[in-house]
Visitor: 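To start, I am sharing the structure in question, which I have written as structure tokens.
Small disclaimer: the values here were computed from a predicted structure and weren't measured.
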Amino acid sequence: MTATDIRHRAGLKEWIGLAVLALPTLLLSLDITVLHLAVPELSADLRPSSTQTLWIIDIYGFMIAGFLVTMGTLGDRIGRRRLLLGGAAAFGTASAVAAYASSPEALIAARTLLGIAGATLMPSTLSLISTMFRDARQRGLAIGIWATMFSAGIAIGPVAGGALLDHFWWGSVFLLGVPVMALLLAAGPFLLPEFRDTKAGRPDLASVALSLATMLAITYGIKELPKHGPGLLPMLTIGIGIVAGVVFVQRQRRLADPLLDVSLFTDRAFSGALVSLLVSTGMVGGVYLFITQYLQLVQGLSPLQAGLWLLPAAAALIISSLVAPIIARRVRPAHVIGAALAISTLGYVLLTQVETEAGLPLLVAGFILVYTGTGPTTALGTDLVVGSAPPEKAGAASALGETSTELGVALGVAGLGSLGTAAYRDQIPADAPAAVRDTLAGAAAAGTDGALLTTAQEAFTTGLATAATAGAALTAAVTILAMLTLRRVRPTGDLATQAAEPPPRPEGALTLSDGEHLTETA
């Protein structure tokens, strides 16, 4: 950052623009959770097969993960605002189509378009924030607000979804996107700046294909692991994705104008922040799956009641996300993120002690600590990822940060889900019905009661403890990694002060009005 950037601190227009950017961020994360609540009513109306139900749920995440890198780089080339507004129009249209879908096939197609459109929104909003807020301290706070809105959407999704489904039909959960995208389309041209890399060439179509093959294959394989175990299909698709990824990286190194600048990964802070985001979000995603089921299937709460019990953790997430950038002005991010991850580790340790009968207070307390540590890691980690890249690469860097988060959640659900499910099945008698041996949800759906249901609930609690144990171990490990890789990153207050000082005046140079220099020539 130069002295010119300091004098162009964000004003009221930029902060209002941030509010506009925060709305689709909240909506996208909320959309991840509300559909799960609508599945019973949706299934009764459209009658999808079990395979179609899985595709209705999963295709959205597949498309987002697959297209993030491509869309982030595309925004750098054609214009971030242009891509954002185009994606908003597509997302609003697809939301309306999904709400009134009359068949499983139509809903799957609409969810596919929603995922592709969603992949344009996330990197565009984040890269536009880096354009609008060039002061390090202001950018940190802005990204903290952005991260808060994304995480809060996931937390309040069950509450909003439960309230809608109590009064309207299943399609109402999709209509949330229509007014939000309409507001973005109306206000975006006036409040958001345009930015694109004028030196970038045309996208390399082979790189785009390899990027999609990498992300789609790996994400699909990871999501299939908890359902079918390490079988031929998931392992084969993961292998195909890895091979495509290797070819992709090699091609980027040879291209004069690559789709993705892989040299970004040579920055220790950039790589350390990506890994921190990957593990932190992955562990939360995996354990969150068990927590929501514990509240409903073990404690017997309704979806709305379960969502309300998650609100204290959501409040902790919001507060920690907003406070962390302020603390990072005076304290090195390594120490802030390290302390946050340590708090999350303690939360996972508490979750290992949850019991079947009277475990609700301990579960809520443990999840509050987990979310308290997740907020600073997400806010500061995202800021480090975006801030480590040059302005013309902010879209690609933002996409990588979001890809790390998406992969983290997929890995967390697959890894912790498999561990917890294995622990559950080990506790179930061999002569129990197949539905009971499969999952606790299957046992409840089959009308299981009495001693066998109690056994299944206790087995599920054991699975929760197993997943939490793995979460504690991995989070503790990444705490050390973050402290090592980020130790040289200075507080944002120091960076702003350093940027505010004009560079030394070369001998024989004329000082311009903005503090820059023009060397005299003969």
Side-chain angles (χ1 to χ4, degrees), residues 33 36-37 39-40 50 53-54 57 154 158 162 223-229 282-310 313 347-371 409-474:
T33 55
H36 290 274
L37 298 177
V39 166
S50 58
T53 300
L54 291 176
I57 295 172
I154 294 176
K223 284 182 175 288
E224 288 296 301
L225 284 176
K227 303 171 189 174
H228 308 295
M283 296 306 97
V284 169
V287 171
Y288 185 85
L289 179 69
F290 284 90
I291 289 175
T292 53
Q293 292 185 75
Y294 177 91
L295 291 172
Q296 297 180 70
L297 301 177
V298 178
Q299 294 296 320
L301 303 177
S302 68
L304 181 57
Q305 290 173 325
L308 291 173
W309 275 105
L310 294 173
Y348 289 118
V349 171
L350 289 183
L351 292 177
T352 65
Q353 305 304 308
V354 170
E355 298 178 352
T356 303
E357 294 295 331
L360 185 56
L362 190 59
L363 178 114
V364 172
F367 197 50
I368 287 174
L369 291 178
V370 168
Y371 256 14
V409 172
L411 284 167
V413 171
L416 298 191
S418 298
L419 284 174
T421 300
Y424 168 84
R425 291 172 179 168
D426 285 343
Q427 304 295 316
I428 300 297
D431 59 349
V436 178
R437 293 198 307 272
D438 189 23
T439 62
L440 177 58
T448 308
D449 56 11
L452 184 57
L453 179 60
T454 300
T455 299
Q457 290 174 334
E458 292 175 347
F460 183 84
T461 305
T462 300
L464 167 62
T466 302
T469 300
L474 288 172

Visitor: Checking side-chain contact (heavy atoms from CB on, under 4.5 Å) for the pair L350/L369: CA distance, chi angles, key distance, verdict?
Guide: CA-CA 9 Å; L350 289 183; L369 291 178; 3.6 Å; yes

Visitor: I need the full list of ring pair (Phe, Tyr, Trp, His ring centres under 6.0 Å) pairs touching residues 424-459, with sequence neighbours left out, sorted by first then second residue.
Guide: none

Visitor: What pairs with F290 under ring pair (Phe, Tyr, Trp, His ring centres under 6.0 Å), at least two apart in sequence or on another chain?
Guide: F460

Visitor: What distance separates F367 CZ from I291 CD1, expressed to the nearest 0.5 Å?
Guide: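 CD1 of I291 is found 4.5 Å from CZ of F367.
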
Visitor: Using the test side-chain hydrogen bond (donor to acceptor under 3.5 Å, both in side chains), find all partners of Q305 that sit at least two apart in sequence or belong to another chain.
Guide: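 Result, side-chain hydrogen bond (donor to acceptor under 3.5 Å, both in side chains) vs Q305: S302.
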
Visitor: Who passes side chain to side chain contact (heavy atoms under 4.5 Å, CB included) against L419, sequence neighbours left out?
Guide: L416, T466, A470

Visitor: Determine whether Y288 and L310 satisfy the following criterion, side-chain contact (heavy atoms from CB on, under 4.5 Å), listing intermediate values before the conclusion.
Guide: CA-CA 10 Å; Y288 185 85; L310 294 173; 3.8 Å; yes

Visitor: Measure the spacing between CG of L474 and CE of M283 and express it to the nearest 0.5 Å.
Guide: 5.0 Å

Visitor: With sequence neighbours excluded, tell me which residues meet side chain to side chain contact (heavy atoms under 4.5 Å, CB included) with L453.
Guide: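 L453: side chain to side chain contact (heavy atoms under 4.5 Å, CB included) contacts with L440, T448, Q457.
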
Visitor: Indicate the atoms forming the closest heavy-atom contact of A468 with L351, along with that distance.
Guide: CB-CB, 3.7 Å

Visitor: Measuring from atom OG1 of T461 to atom CD of Q353, what distance do you get when rounded to the nearest 0.5 angstrom?
Guide: 12.5 Å

Visitor: Give the minimum heavy-atom separation between Y348 and V284, together with the two atoms involved.
Guide: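 For Y348 versus V284, the nearest heavy atoms are OH-N, 3.2 Å.
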
Visitor: If every non-hydrogen atom of A472 is compared with every non-hydrogen atom of V349, which pair is closest and at what distance?
Guide: CB-CG2, 4.1 Å

Visitor: Quick one: CG on L464 to OG1 on T352, what's the gap to the nearest 0.5 Å?
Guide: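 The OG1 atom of T352 is 9.0 Å from CG of L464, to the nearest 0.5 Å.
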
Visitor: Evaluate the side-chain contact (heavy atoms from CB on, under 4.5 Å) criterion for residues T356 and T454: first the C-alpha distance (whole Å), next the side-chain angles of each, then the deciding distance (0.1 Å), finally the verdict.
Guide: CA-CA 9 Å; T356 303; T454 300; 5.9 Å; no

Visitor: Testing the basics here: between I428 and A459, what is the closest heavy-atom pair and its distance to 0.1 Å?
Guide: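 That closest heavy-atom pairing would be CD1-CB, 3.8 Å.
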
Visitor: Name all residues meeting the side-chain hydrogen bond (donor to acceptor under 3.5 Å, both in side chains) criterion together with T469; count only those two or more places apart in sequence or in a different chain, and write none if there are none.
Guide: none

Visitor: Could you pull out the closest heavy-atom pair between G463 and A423, with the gap in Å?
Guide: CA-CB, 3.9 Å

Visitor: Mind checking the CD-CD spacing from Q299 to Q296? Nearest 0.5 Å is all I need.
Guide: 11.5 Å

Visitor: Nearest 0.5 Å please: distance from the CG atom of L360 over to the OH atom of Y294.
Guide: 6.5 Å

